[in-house]
Amino acid sequence: MSKAAPDPQSNMGKPEPRLDGRLKVTGEARYGSDFAVSNPAYAFLVTSPIAKGRIESMDLRAAKAVPGVLEIFNYENTGELKDIKYAKGGGGPTSSIQGFGPLIQYGGQIVAMVVADTFEAAREAAHMVRVNYTSEPPSATFDSRGVSESAANEGLPQAGDAEQAYVAADVRLEAQYETPTQHHNSIELFTTTCVWHDNQLTIYEPSQFVYGLKANAAKKMGVDIADVRAISPFVGGAFGSKAQFSPRTGLVALAAKRLNRPVKLVTTRDQGFTIQTYRAETRHRIRIGAERDGKITSFIHEGWEVTSRPDPYSVSGVEDSARLYGFGTVKTGVTLVHADRNTPGFMRSPPVVPYIYALESAVDELAAKLDMDPVQLRRINDSSVDAMGKQWSSRSLMKCYDQAAERFGWANRSAQPGSMRDGDWLIGWGCASAVYPTHVGAAAVRIRLVANGTANVQIAAHDLGTGAYTVIGQMAAESLGIPLASVTVELGDSELPPAPVAGGSNTTASACSAVMKACEAIRAKLMRSPADDTTVGSAAGADRNKLNLEDRFKTLGVGAIEEYAEYLPPGAKPDSMKNLYAGTPFLGGGSKGEKLMYATGAEFVEVRVHASTREIRVPRVVGAFAAGRLMNTRTARSQYMGAMIWGISSALHEAAEIDPRTARYVNDNLADYLIPVNADIRDIDVILVPEEDPLVNPVGVKGIGELGNVGTAAAVANAVYHATGVRVRKLPIRLEKLLTT
Ligand code: MOS
């Protein structure tokens with residue numbers, strides 16, 4: 001891989017090493033459960049083995065007799081905990097099912113928490129809690145008896161008469177696709193530590209949204225929001241799973257209060273499958289009508305998604321699939337299938353991973369039907385305006401294809417499936433598009449520039465391992481004209497000015513827009529002299545090297561300048577900042593605004609399928625991505641690499657298997673939940689395609705955290721088809737699905 005030399009002509013940021021790299025490799029970085037609290041008690045959860053029914057009684061005698069046990073919390077003695085509203089019901093970002101009983105709504109629901117002097121005593125006692133349930137047969141998933149259906153969101157994309165255009169088309173393709181349940185399985189487990197001091201609650205918990213955590217914990221406990229603080233400076237993987245408030249936090253907070261002692265909970269890997277959200281399984285029926293020359297005249301995408309009984313969580317990725325190409329007509333719909341399951345939630349690229357997999361598989365099938373190169377088919381349907389009439393703010397999809405195809409050597413592909421071979425290995429080449437909505441949210445920041453040329457940035461954004469500390473620091477350094485080494489960055493603490501939930505890949509765009517604004521205000525104060533008028537408040541065009549800080553501070557007669565700034569994106573309401581402080585973020589962009597704002601990419605994959613055993617290997621992947629300005633080419637490359645590795649995982653390995661009789665996950669551990677290991681991953685080649693988009697936000701950043709794993713699964717599936725002639729329409733593609741003859 002070539003070292004990214006910054007091109008002065010482009011808006012590619014410097015490949016600065018991570019500001020927090022040393023802390024991480026030396027083990028000094030403090031994650032949620034690492035914070036030392038004095039004399040903690042330890043908690044262990046008890047979860048329900050049944051998925052549907054009621055708790056009739058609990059026998060706690062044996063558990064309470066375990067030496068060191070302090071208290072056992074369950075629905076009978078936690079009445080102080082308030083019901084809080086779910087996001088779709090007008091509340092905040094939470095797990096929607098908050099109760100601990102007696103009603104059991106899904107397998108693995110929390111029914112009790114044991115607190116003891118030691119972790120071992122708590123765990124032992126947890127296994128001795130006897131719960132008598134009456135259970136009913138649960139409905140596990142699609143096609144289970146007893147599921148009910150409801151229509152998802154209103155207002156999904158529609159344009160023209162797609163049914164009629166489909167019937168009238170020269171060439172028609174109809175196909176159905178399925179994606180499995182997935183769980184985030186972050187290496188850092190779900191943990192919560194709660195400490196009370198004089199009616200002030202401090203929560204240490206890995207979080208993608210400390211303001212949401214703080215607000216929901218306050219509501220849950222029925223205390224003033226000002227009396228709660230949430231701290232999460234480092235997160236060991238999240239991917240969406242740490243964005244929503246979980247009922248466990250209320251239990252731990254209550255336990256710490258009642259025992260008048262800090263309480264620490266570290267949940268187990270298998271509990272992590274049910275006490276937090278997950279990506280639900282989806283189904284798709286796609287119909288595409290096209291002219292002989294490949295122009296698509298009709299696109300019909302129907303989706304089905306599993307959710308819980310009470311809540312209408314939906315990812316509705318037709319919002320994005322309907323806009324990826326210039327379709328003549330569009331019809332979309334999404335149906336929710338309510339089962340006896342926990343409510344699903346965000347997981348990396350929530351809407352687009354399943355829906356674009358389906359679309360990009362179908363496009364490849366259409367190309368085969370038309371006997372046309374799949375890149376050419378996409379070029380024919382490339383359009384900067386969607387069927388509903390909305391313009392893209394910028395679109396570099398075909399630039400990504402051109403660069404990735406060239407690097408990959410796509411021109412040497414022989415189109416016929418099964419026609420490329422190396423000894424016993426069938427070679428397949430496939431490609432697919434990636435697309436991700438550009439989100440930007442309301443954010444606030446406080447920056448202090450000191451006369452000695454150092455600066456401190458405070459914002460309650462989150463670094464999930466993505467590099468947020470570094471890129472936020474880079475934006476401040478650049479805007480103030482000081483070296484990055486002179487900037488310190490504080491994140492992940494609800495005492496700092498608020499940033500949105502670290503979701504939807506918005507952090508860099510939102511936080512850096514606020515940082516830029518605060519820095520401009522500092523510069524304006526600093527440069528307040530007639531001689532400097534040409535550079536006042538202007539980052540662009542200012543010759544930052546001429547800024548002699550010490551002189552300026554002397555002239556002004558102050559030792560430091562501190563600025564607080566709020567950034568509100570277009571579409572924000574007057575109370576969006578107030579709501580953010582109260583734990584409800586505002587996110588705009590994507591398909592919601594005047595223009596369509598999306599980042600794009602093209603992913604090319606080579607697979608090798610063994611002719612007799614059908615073992616599947618992925619020796620190389622090339623991904624080219626365009627996402628506006630990149631703050632840091634090193635962290636960007638890492639994001640894309642990690643995402644494509646996850647894409648390979650989705651294509652070939654991952655699925656949480658649910659037992660249809662019990663509605664319980666059977667592979668809820670890292671031995672049975674398959675993910676790729678080093679031996680599964682070979683060359684991952686990332687191309688950073690320059691793109692400028694001044695419309696998306698003041699910093700021109702589109703966000704990259706989720707883009708990279710959107711196209712990979714379809715590209716692998718398309719490559720497997722090219723290698724074998726077998727079209728697998730249900731992920732993951734494991735070798736048994738290729739043993740057809
Ligand atoms: Mo990310 S799945 O948008 O938290």
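Atoms within each ligand, like the ligands themselves, are counted from 1 in listed order. In this text the structure is predicted, and so the values were computed from the model without any measurement.
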Just to check, does Ala502 reach to within less than 4.0 Å of ligand 1 when the distance is taken from its heavy atoms? yes

Could you identify the single nearest non-hydrogen protein atom to atom 1 (Mo) of ligand 1 and state the distance to 0.1 Å? Glu706 OE2, 3.3 Å

Residue Pro350 vicinity, atoms of ligand 1 by number, heavy atom under 4.0 Å: 2 (S)

Starting from atom 3 (O) of ligand 1, find the nearest protein heavy-atom neighbour and note its residue, name and distance. Gly504 N, 2.6 Å

Have a look at His284 and tell me which of Glu302, His301, Glu178, Arg729 forms a side-chain contact (heavy atoms from CB on, under 4.5 Å) with it. His301

If you measure from the Lys or Arg side-chain nitrogens to the Asp or Glu carboxylate oxygens, is any gap between Glu654 and Arg279 under 4.0 Å? no

Can we say Asp668 and Arg269 salt-bridge, meaning some charged N sits less than 4.0 Å from an Asp/Glu carboxylate O? no

Is any N or O atom of Gln208, backbone or side chain, closer than 3.5 Å to an N or O atom of ligand 1? yes

In this structure, OH of Tyr598 is separated from CG of Asp320 (nearest 0.5 Å) by 3.5 Å

Give the atom numbers and elements of ligand 1 that come within less than 4.0 Å of a heavy atom of Gly240. 2 (S), 4 (O)

Heavy-atom distances under 4.0 Å decide this one: backbone, side chain, both or neither, for Met347 against ligand 1? backbone

Is there a donor in the side chain of Lys242 and an acceptor in the side chain of Ser232, or the other way round, less than 3.5 Å apart? no

List the steps, then state whether ring-ring contact (aromatic ring centres under 6.0 Å, His included) holds for Phe239 with His184. CA-CA 6 Å; Phe239 318 113; His184 310 75; 7.1 Å; no

